[in-house]
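First up is the structure itself, then whatever we jot down about it.
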Amino acid sequence: MKLTNFSRKADVVGITGSVLCILHCLTTPILLMTSALVANETVRVGYLSLDYLFIGINIAAVYHATRHNTSALIKASLWFFLGLFAVSLLLEEVNPVFEYVAYAASAGLVFSHLYNIRYSRTAHAH
């Protein structure tokens, strides 16, 4: 994927990464309780480490989505929710409230990316 193609599709990548993270976080407790597959320590640690992958995907998506033709409000929103998302995922073992903050931040990323798509389309339509 060329960098220019990634820049144009950064919002879609960000939305996908955030939605996959929400699904991952919702299914993790169920899998940990019911699946013998995650009883294997290596598989379990690998599955739980996907949080870092989602943080990386969202960092790249927000960076490329905010590089060109985005309003200051959308940029601030994307970077705010990304920071909140990353900190919450990293601190969710400290306090259970961070898990819920991570859900909210992920949803905020999805809505901010959707708004950026809409903004980009209306800004280029003139």
Would you kindly confirm whether [X] and [Y] end up in one hydrophobic cluster when ILVMFWY residues are joined by side chain heavy atoms under 4.5 Å apart?
| X | Y | answer |
| --- | --- | --- |
| L78 | V101 | yes |
| F85 | L50 | yes |
| L23 | L114 | yes |
| V87 | V94 | yes |
| F81 | Y119 | yes |

Can you name the closest pair of heavy atoms from [X] and [Y] and give their distance?
| X | Y | value |
| --- | --- | --- |
| H113 | V62 | NE2-CG2, 3.9 Å |
| A65 | A10 | N-CB, 3.5 Å |
| I22 | A107 | CD1-N, 4.2 Å |
| G17 | I57 | CA-CG2, 4.2 Å |

Polar side-chain atom of [X] near backbone of [Y] as donor-acceptor pair, under 3.5 Å:
| X | Y | answer |
| --- | --- | --- |
| N58 | F54 | yes |
| S18 | G14 | yes |
| T16 | V12 | yes |

Note to self: Once ring pair (Phe, Tyr, Trp, His ring centres under 6.0 Å) is applied, do any residues pair with F98, and if so which ones, sequence neighbours excluded?
What the structure shows: none
Would you indicate whether the side-chain heavy atoms of [Y] and [X] approach each other to under 4.5 Å?
| X | Y | result |
| --- | --- | --- |
| L90 | I55 | yes |
| I117 | I15 | yes |
| W79 | Y63 | yes |
| C21 | L89 | yes |
| D11 | H64 | no |
| L82 | I59 | yes |
| D51 | H24 | yes |

Margin query: If I take atom CG from residue L91 and atom CD from residue E93, how far apart are they, to the nearest 0.5 angstrom?
Written below: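 L91 CG to E93 CD: 10.0 Å, rounded to 0.5 Å.
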Note to self: Rounded at 0.5 Å granularity, tell me how far CZ in F80 sits from CG in L109.
What the structure shows: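 The CZ atom of F80 sits 10.0 Å away from the CG atom of L109.
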Margin query: Counting neighbours of OH on Y103 that are heavy atoms of other residues, nucleotides or ligands and sit closer than 6.0 Å, is the number greater than 12?
Written below: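 Yes, because the 6.0 Å sphere around OH of Y103 holds more than 12 heavy atoms from other groups.
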